[in-house]
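Everything below concerns the one structure shown next.
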Amino acid sequence: MTRAHDIVLYGATGFTGGLVAEHLARVPGLSWALAGRNRAELEAARARLVGIDPKFAGLPLLDADASDAASLSRMAASARVVITTVGPYAELGEPLVRACVEAGTDYVDLTGEPAFVDRMIAVHGAAAREAKVKIVNACGFDSIPHDMGVLRTVRALDAEGPVRVRGYVEARGQFSGGTWHSAIGAFANPGAVAKARHARKPLLPSALRRVHGEGRLHRVARLGKWACPLPTIDPDVVLRSARVVDGYGIDFTYGHHVAVKSIATIAGGAVAIGGIVALSQFPPTRRWLLKRKAQGDGPSDDTRAKGWFRCTFIGEGDGRTVTTEVSGGDPGYTETAKMLAESALCLVRDRDALPARYGVVTTAEAMDDKLIPRLEAVGIRFRTE
């Protein structure tokens with residue numbers, strides 16, 4: 001594919017986008033550009049990169065706006081891969097997905113919004129497969145550690161019969177303003193999630209095996225903690241991968257949980273989430289919630305330095321048990337920026353080694369295990385025993 005740029009980063013003026021730009025700036029031999037709707041802010045983002053290397057004084061800047069379809073088409077046509085950090089995706093994401101499919105350009109994002117992903121499968125999945133385009137959602141903490149961690153586990157297990165994997169998430173860190181706004185939007189319109197899930201159902205690729213989700217409150221002796229089902233986008237991503245990627249056995253079950261020290265913590269979290277959901281139902285309180293955390297803002301370097309995550313996956317099959325631990329630093333910003341950037345780089349630089357699976361796909365569908373060495377090289381740890 002001959003394009004002006006290997007990668008275009010759309011949303012580079014936001015906090016997470018700025019971290020992605022700093023990561024890309026340290027990649028040798030990369031042809032890339034920054035894109036956004038505010039030229040002055042783009043120039044300021046480029047000026048910050050000059051501190052890394054003076055050569056970035058000439059980094060191309062592209063004008064692109066979610067409300068201007070022509071600008072998105074021009075941007076998509078200039079790149080082999082578009083990275084977007086511009087959300088909430090349910091409000092702003094679909095025009096760019098359409099532009100990338102029409103231009104034959106691969107796409108990666110940070111969304112954790114199930115309704116958006118399901119709608120993209122229903123509306124653009126078939127066209128993306130026909131165009132041999134990879135539209136890869138959830139390329140940050142949602143959901144790479146989980147998708148790649150389960151993939152590493154089942155490949156190490158190498159079971160022929162039924163496989164069961166249970167995932168346990170532990171983390172310390174702040175979630176982004178974009179994630180907060182996306183979550184409030186999803187809480188405010190639960191019907192959209194169910195509608196989008198129903199619409200995608202007949203459009204998923206044919207499954208190679210039976211897949212099941214599970215989740216229950218239980219004690220995990222190995223971790224010395226309690227586990228509570230975690231209703232994020234992550235288990236759905238894992239189960240979508242398990243439908244079509246080799247290695248998940250003939251019958252696959254996945255349970256996704258948060259691991260905490262006490263039941264009191266679970267109860268407190270449930271009350272807090274229930275309160276947020278209730279407040280999201282009414283426009284005045286919803287606006288109040290949205291003002292609590294602005295999009296584009298982020299924590300200080302010191303705060304991010306204290307962040308960490310650890311995801312433990314226990315897989316069972318054919319009478320064997322395999323455990324994989326995926327861990328790293330600040331999940332919501334520092335490591336998410338790495339994951340997003342490395343996903344795009346994998347699509348660009350490892351293209352010939354990637355599976356011929358196209359459409360609206362998971363990271364495991366799009367990149368199989370080729371993404372894992374890239375993540376390890378930037379400090380995200382995978383340990384299997």
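Position 1 is the first residue of the sequence, and the numbers go up from there.
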**Prompt:** Where do Val163 and Phe252 land on the side chain to side chain contact (heavy atoms under 4.5 Å, CB included) test, with the steps shown first?
**Reply:** CA-CA 5 Å; Val163 171; Phe252 178 77; 3.9 Å; yes
**Request:** Determine, using the 4.5 Å side-chain heavy-atom cutoff (strictly less than), whether Val8 and Leu92 are members of one ILVMFWY cluster.
**Result:** yes
**Prompt:** Less than 4.5 Å apart, any side-chain heavy atom of Leu62 and any of Met75?
**Reply:** yes
**Request:** Look at the side chain of Arg209 and the backbone N and O of Gly249, then say whether any donor-acceptor pair between them is shorter than 3.5 Å.
**Result:** yes
**Item:** Backbone of Tyr358 reached by a side-chain donor or acceptor of Lys132 within 3.5 Å
**Value:** no
**Message:** Hydrophobic clusters here meaning ILVMFWY residues chained together by side-chain heavy-atom distances under 4.5 Å, can you tell me if Leu217 and Val169 are in one?
**Reply:** yes
**Message:** Taking the six-membered ring for Trp, are Phe141 and His146 closer than 6.0 Å centroid to centroid?
**Reply:** yes
**Request:** Going by the salt bridge (Lys or Arg N to Asp or Glu O under 4.0 Å) test, name the single residue among Arg374, Arg26, Lys370, Arg349 that passes it with Glu342.
**Result:** Arg374
**Asked** Quick one: OG1 on Thr362 to CE on Met367, what's the gap to the nearest 0.5 Å?
**Response** 8.5 Å
**Message:** Quick check: closest heavy atoms across Ala242 and Tyr248, and the distance to 0.1 Å?
**Reply:** CB-CD2, 3.5 Å
**Asked** Are Trp308 and Val326 connected in the hydrophobic side-chain network, where two residues link if heavy atoms are under 4.5 Å apart?
**Response** no
**Item:** Cluster link Ile314 to Val260, ILVMFWY, side chain under 4.5 Å
**Value:** no
**Message:** Is it true that Arg286 and Ser280 share a donor-acceptor pair across their side chains at a distance under 3.5 Å?
**Reply:** no
**Message:** Let's go through Asp236 and Arg197 carefully: what are the C-alpha distance in whole Å and the side-chain angles of both, what is the deciding distance for salt bridge (charged side-chain N to carboxylate O under 4.0 Å, His left out) to 0.1 Å, and is it a yes or a no?
**Reply:** CA-CA 11 Å; Asp236 186 64; Arg197 181 57 47 89; 3.7 Å; yes
**Prompt:** Roughly how far, to the nearest 0.5 Å, is CD1 of Ile144 from OG1 of Thr363?
**Reply:** 5.0 Å
**Request:** Give a yes or no answer on whether the side chain of Arg243 reaches the backbone of Pro205 with a donor-acceptor pair at less than 3.5 Å.
**Result:** yes
**Residues, nucleotides or ligands: over 12 heavy atoms within 6.0 Å of Glu160 CD** = no
**Request:** Measure from the side-chain N and O atoms of Lys134 to the backbone N and O of Ala366, and report whether any donor-acceptor pair falls under 3.5 Å.
**Result:** yes
**Message:** To check you understand the geometry: which heavy-atom pair defines the closest contact between Val133 and Ile135, and what is its length?
**Reply:** CG1-CD1, 3.7 Å
**Asked** Do His257 side-chain atoms and Gly167 backbone N/O form a donor-acceptor pair below 3.5 Å?
**Response** yes
**Asked** Should Thr153 and Thr384 count as side-chain neighbours, where that means a heavy-atom distance under 4.5 Å?
**Response** no
**Request:** Using modelled atom types only, decide if a donor and an acceptor are shared between the side chain of Asp369 and the backbone of Ile372 within a distance under 3.5 Å.
**Result:** no
**Request:** Determine whether more than 12 heavy atoms belonging to other residues, nucleotides or ligands lie under 6.0 Å from atom CD of Glu130.
**Result:** no
**Prompt:** Does any N or O in the side chain of Glu335 come within less than 3.5 Å of the main-chain N or O of Gly329, such that one atom is a donor and the other an acceptor?
**Reply:** yes
**Asked** If we ignore angles and hydrogens, is there a donor and acceptor under 3.5 Å between the side chains of Asp65 and Ser67?
**Response** yes
**Message:** Between Asp63 and Ser71, do the side chains contain a donor N or O and an acceptor N or O under 3.5 Å apart?
**Reply:** no
**Message:** Using side chain to side chain contact (heavy atoms under 4.5 Å, CB included), reason through Leu375 and Phe382 one step at a time and then give a plain yes or no.
**Reply:** CA-CA 9 Å; Leu375 299 174; Phe382 287 73; 4.0 Å; yes
**OH-CG distance between Tyr254 and Leu239, expressed to the nearest 0.5 angstrom** = 8.5 Å
**Asked** At what distance, to the nearest 0.5 angstrom, does CG of Asp330 lie from CZ of Phe309?
**Response** 10.0 Å
**Item:** Exercise: identify the closest heavy-atom pair between Leu42 and Thr13
**Value:** N-CG2, 3.6 Å
**Message:** Does this structure show an ion pair linking Glu22 with Arg48, if we count only N-O contacts that are shorter than 4.0 Å?
**Reply:** no
**Asked** Regarding Thr16 and Thr85, is there a side-chain donor-to-acceptor distance under 3.5 Å anywhere?
**Response** no
**Asked** Cluster question for you: counting only ILVMFWY and a side-chain heavy-atom cut-off of under 4.5 Å, with indirect links fine, are Leu34 and Ile52 together?
**Response** yes
**Request:** Give the minimum heavy-atom separation between Val154 and Gly247, together with the two atoms involved.
**Result:** CB-O, 3.4 Å
**Message:** Centre-to-centre under 6.0 Å for His256 and Phe313, is that the case here?
**Reply:** no
**Message:** side-chain hydrogen bond (donor to acceptor under 3.5 Å, both in side chains), that's the test. Do Arg3 and Thr105 meet it? Break it down for me.
**Reply:** CA-CA 10 Å; Arg3 298 288 173 97; Thr105 300; 2.7 Å; yes
**Prompt:** Mind checking whether His5 and Arg80 have side chains closer than 4.5 Å, heavy atoms only?
**Reply:** no
**Item:** Sub-4.5 Å side-chain heavy-atom contact between Leu59 and Leu49
**Value:** yes
**Message:** Donor-acceptor check, side chain of Asp106 to backbone of Val81, threshold 3.5 angstrom: yes or no?
**Reply:** no
**Heavy-atom side-chain proximity of Ser241 to Val150 below 4.5 angstrom** = no
**Prompt:** How about Val117 and Tyr89: do any of their side-chain heavy atoms sit closer than 4.5 Å?
**Reply:** no
**Prompt:** Is the backbone N or O of Ala90 less than 3.5 Å from a side-chain atom of Glu113, with the two atoms forming a donor-acceptor pair by type?
**Reply:** yes
**Complete:** Paired with Asp234, the side chain to side chain contact (heavy atoms under 4.5 Å, CB included) test is passed by just one of Cys311, Pro145, Ser143, namely Ser143
**Asked** Shortest non-hydrogen contact from Val97 to His124?
**Response** CG1-CD2, 3.9 Å
**Asked** Does Thr336 use its side chain to pair, donor to acceptor, with the backbone of Gly140 at less than 3.5 Å?
**Response** no
**Request:** Just do the side-chain hydrogen bond (donor to acceptor under 3.5 Å, both in side chains) check on Thr324 and Arg152 with the steps written out, would you?
**Result:** CA-CA 7 Å; Thr324 296; Arg152 169 68 72 90; over 6 Å; no
**Message:** Salt bridge or not between Arg164 and Glu214? Use side-chain N to carboxylate O under 4.0 Å.
**Reply:** yes
**Prompt:** Mind checking whether Arg357 and Val245 have side chains closer than 4.5 Å, heavy atoms only?
**Reply:** yes
**Closest contact, heavy atoms only, Pro299 versus Phe15** = O-CZ, 3.2 Å
**Complete:** Separation between CG (Asp142) and CG (Asp147), nearest 0.5 Å, reads 11.5 Å
**Message:** Would Arg222 and Glu385 count as a salt bridge (charged side-chain N to carboxylate O under 4.0 Å, His left out) here? Give the steps.
**Reply:** CA-CA 13 Å; Arg222 178 186 179 90; Glu385 57 185 27; 2.7 Å; yes
**Item:** Non-hydrogen side-chain atoms of Leu354 and Cys346 separated by less than 4.5 Å
**Value:** yes
**Request:** Step by step, work out the salt bridge (charged side-chain N to carboxylate O under 4.0 Å, His left out) result for Arg98 and Glu94.
**Result:** CA-CA 6 Å; Arg98 180 190 299 115; Glu94 193 272 340; 2.9 Å; yes
**Prompt:** Distance from Tyr333 atom OH to Leu19 atom CG, nearest 0.5 Å?
**Reply:** 9.0 Å
